[in-house]
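As a basis for the values below, the full set of heavy atoms in this structure was taken, side chains included, without hydrogen atoms, waters or symmetry mates. Quick caveat: nothing in here was measured; it's all calculated off a predicted structure. For the single chain, residues carry numbers from 1 onward in sequence order.
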Amino acid sequence: MTEPSATPLRIRAFVWAAATVFMGAVVAVAAALVWNARQVALEDYQAQATRFVTGAEAALNRSLLAVDVLLASMDELLGLSVAVNDWIDPGLASERLRSSARQNLMVRYVALLDARGTTLASSDAAGSELQLQLPPGFLASVLEQPVSTLMVSPPVVSFTTAERVLYFARHLRLADGARVVAVAEVPVGALSSVLVQGVDIGGLQVTLERAGGQLLLSVPNREEAAATVLSPPLHEVASAGEDWRAPARLTSEPALVVYRPVLYQDLRISASIPLRDALAGWRDQRNAITLTGLLFVAMIVVAGHLALRYLDRLSQARAAIAQSKATLDQALESMVSGFLLLDSQHRVVQWNRRFEEIFPWLRGAIAPLVPFRQIMEENARHYLPRASDNERTRWVDLRLLKQSQHLEPHEQVLPGGITIQTTERPTPEGGIVITYHDVTALRRASAEIENLAFYDPLTNLPNRRLLMDRMQQVIAASVRNGQYGALLFLDLDHFKTLNDTRGHEVGDLLLCQVAERLKTCVRREDTVARLGGDEFVVMLHELSPRSEEAAAFARRVGEKILRALNMPYSLGGISYHSTPSIGATLMGGAQQQPGVDPLKQADIAMYQVKSQGRNGLCFFDPQMQIAISVRAQLEADLQTALASRQFVLHYQPQFHLDGRIVGAEALIRWLHPERGLVAPGAFIAVAEESELIVPMGHWVLRTACEQLAVWQRDARFRHVQLSVNVSARQFRQRDFVARVVEVLRETGARPHLLKLELTESLVLDDVDDTIAKMGLLKTKGVRFSVDDFGTGYSSLAYLTRLPLDQLKIDQSFVHNLGVRHTDDVIVQTIIGMARNLELDVIAEGVETAAQKAVLADYGCQLFQGYLLGMPGPVEALEVLLQEHAPAVAAAATAGPAAAA
């Protein structure tokens, strides 16, 4: 039987009325949230559809424009405007179409047809024998166009691949007025990937259709559907504005339909998002909001019920207070700290069991209302058993004085080594709360932390921080008394090899034994420190007031260390022999120069030992510092040279076997205001290490492209290609592709005349990144060459994936032709491999006619070297181009198609 409620009826009615108001508010808010979430979901999908169609339109326009440019460029590529049908060489024209078609990855092949549909040439392996099955009437419609315009066929199934394709075509005129048709076959799947662009929108339906509704392609694919004409046309669907009542283009269910026109032949791109898919996520939100609202309603009901129960139990609070006091007493007994409470007259009121555990000798003395002074007198007898009464009284008075001043927490060490921290805080009534906390473990940890801060945990030697502090003290004392000290910097030879082969545990054993041996080689007042890894420092001080004697003493200690560390080590049952490299320098003395860093000097001397074969001792030579300073100055001069435009480009011509100049390599030179013309070998290495090579390489690229743009306006030079070397740091920049495209756009240079030379190790360092960047630039027309080919360890599998145009035989192989048989074999292999991969081959470093003849016999047709032309200013190259103009003209007489 439940107890009757003690709460008045009017209060209960008020509580439930308030709960009802809150529940109504929750329902209203939930309904508003559901409606707002639905609108947000629809607006979000509408925005996604609009963004998608806009992006798809731009992507498809770019793709169609690329195909259109490819077809239109066949006029210039094959010289159609100056040729007639009979002049077209099918083999040569097919080869040129093949080279041009590689630049557009979306096109399967391109072909040139006459008015009857006969294939004149194609980029396909079949060449002029390619059999095309164009849709009925498509060829006639292309020829009927009064102006050459890109035409797109209906989707058909390819005769060769059995997949759906679209044909893109436009007619071109020959010299005699006859019309030919340039055709490109594009798989529907390739255009579908361009449309979708990797976008993931739930339920998205994408179509490419004509204005009349003829479906060219769709995503999802409807190639098996019976109907090929969608109804109604897009302009009728969108005439009512963008809403969610239009029929989806593929399924006809209620949807939002957004479309955009394309540049060519009245084509339309549409995106349809069914209403059910757009609201799929909203339904989950609706359910969540509804559930949350129900939970809030339930919480309000529960809260009302709890409020009534609270009112019923308010009378029980007094009993709870008594219980709380008992709980507080229990908590005091559970404290890890000792507790003592004094009243306003400093008499004991309360204490806990932990207090008696800390001070066991007070158990018989402590009691309620006992004066605290009496407790302190008992402590004094325990702490000072042999002291006099006056001494104990003074100790108690001092302790009580600290208590009256309420100072910060203080510590005392009890017998047995236990450290107790005492904290005293006044109470509002004038009493004092005293806590006694055992901080023994904390103090030990602090001592250990301090040891870790200044000592190496592995060898227990001073670390870098403590060494630097001691070194400053020793230098200061040395300057005062005129006594020289010395610093020995040690590095263990081949220590990394030991770690890699035997493991870090064995390496740590070696470091510990080295530390012990070093301590036996020095005096007690000297310092042996470990900087980290396998680096140690020995600091000797107060050696002698004469630098010669101090250096001699330091050398003897260094030689002693060499002998000690050259003795075999026993590392876990393994006998191991290790050697050190020691750099030494003097420090302090009356002549100590301000700003000198002895540790840096000893480090430099140690690396001098490394460069001379290791396992030795070397004193710091000022010439070492001079060399470092000269290198730093060279780096600063390079930065100034970039800012002051002191760099110039020289060009080394590249020749064809028939004597034509087909291009040139752009080579950077430094026109130093004092040193004159500086070759790249004197500064490129510093530029690479300081990362100045990136802006320097960008300057070379821009300058070369500006030169190409100048030559483009001169008929004598517009055929010349320029090769530009690209460093690894420059190529690996994230914005490398964007910067190259920007330079081409700003300068107006023709991309197919720019050739970027990459080293073999660069292209294979990160193959995926290399292929991605090269592929993007290849779509712009930029060509690629692998420089110094054959000097690395290339994988043919990787080379076949790279979109290369040329391999460059390294000059080291060229120099040894006819001298070392293996180099001849390598050169023949490179040329044969390039021929199989349809790549050009150019040999660099050709200095003798014999080398050129051997290369020609092996099948090489492109050459570069001092035999043919030295690097020089652009004016010298232009003069050379004019001198070789007859060779170009002679090559042009091979036929109109070849001349084009």
Fill in: Partner residues of F731 under the ring pair (Phe, Tyr, Trp, His ring centres under 6.0 Å) criterion, sequence neighbours left out
F736

Discussion item. We want to know whether D491 and S581 form a side-chain donor-acceptor pair, criterion being a heavy-atom distance below 3.5 angstrom.
Written reply: no

Discussion item. Ring-plane angle category for W711 and F717, please: parallel below 30°, perpendicular beyond 60°, tilted otherwise.
Written reply: tilted

Worksheet item: With sequence neighbours left out, what residues match R745 under salt bridge (charged side-chain N to carboxylate O under 4.0 Å, His left out)?
Response: none

Discussion item. Just to verify, what does R669 make a side-chain hydrogen bond (donor to acceptor under 3.5 Å, both in side chains) with, not counting sequence neighbours?
Written reply: none

Practice prompt. Tell me yes or no: between the side chains of E665 and Q864, is some donor less than 3.5 Å from an acceptor?
Written response: yes

Worksheet entry | Under 3.5 Å side-chain donor-acceptor pair for R732 and T770 | yes

Discussion item. Could you check whether H752 and R783, counting side-chain N and O atoms only, form a donor-acceptor pair closer than 3.5 Å?
Written reply: no

Practice prompt. Using only heavy-atom distances, determine whether the side chains of Q633 and D637 contain a donor-acceptor pair under 3.5 Å.
Written response: yes

Worksheet item: With distance as the sole criterion, is a donor-acceptor pair present between the side chains of T579 and D493 under 3.5 Å?
Response: yes

Worksheet item: Side chains of Q806 and K755: donor-acceptor distance under 3.5 Å anywhere?
Response: yes

Practice prompt. Any pair with a residue in residues 813-822 that passes side-chain hydrogen bond (donor to acceptor under 3.5 Å, both in side chains), sequence neighbours left out, goes on the list, sorted by first then second residue, please.
Written response: N816-D823, R820-D823

Worksheet item: Do R750 and Q712 meet the criterion of a side-chain donor-acceptor pair at a distance under 3.5 Å?
Response: no

May I have the list of side-chain donor-acceptor pairs in residues 104-111 shorter than 3.5 Å, sequence neighbours left out?
| unit_1 | atom_1 | unit_2 | atom_2 | d |
| --- | --- | --- | --- | --- |
| N104 | OD1 | M106 | N | 3.1 |
| R108 | NH1 | T161 | OG1 | 3.4 |
| R108 | NH1 | E163 | OE2 | 2.5 |
| R108 | NH2 | E163 | OE2 | 2.4 |
| Y109 | OH | E185 | OE1 | 2.8 |

Item to complete: For E635, enumerate each residue passing the salt bridge (charged side-chain N to carboxylate O under 4.0 Å, His left out) test, keeping only those at least two apart in sequence or located in another chain.
Response: none

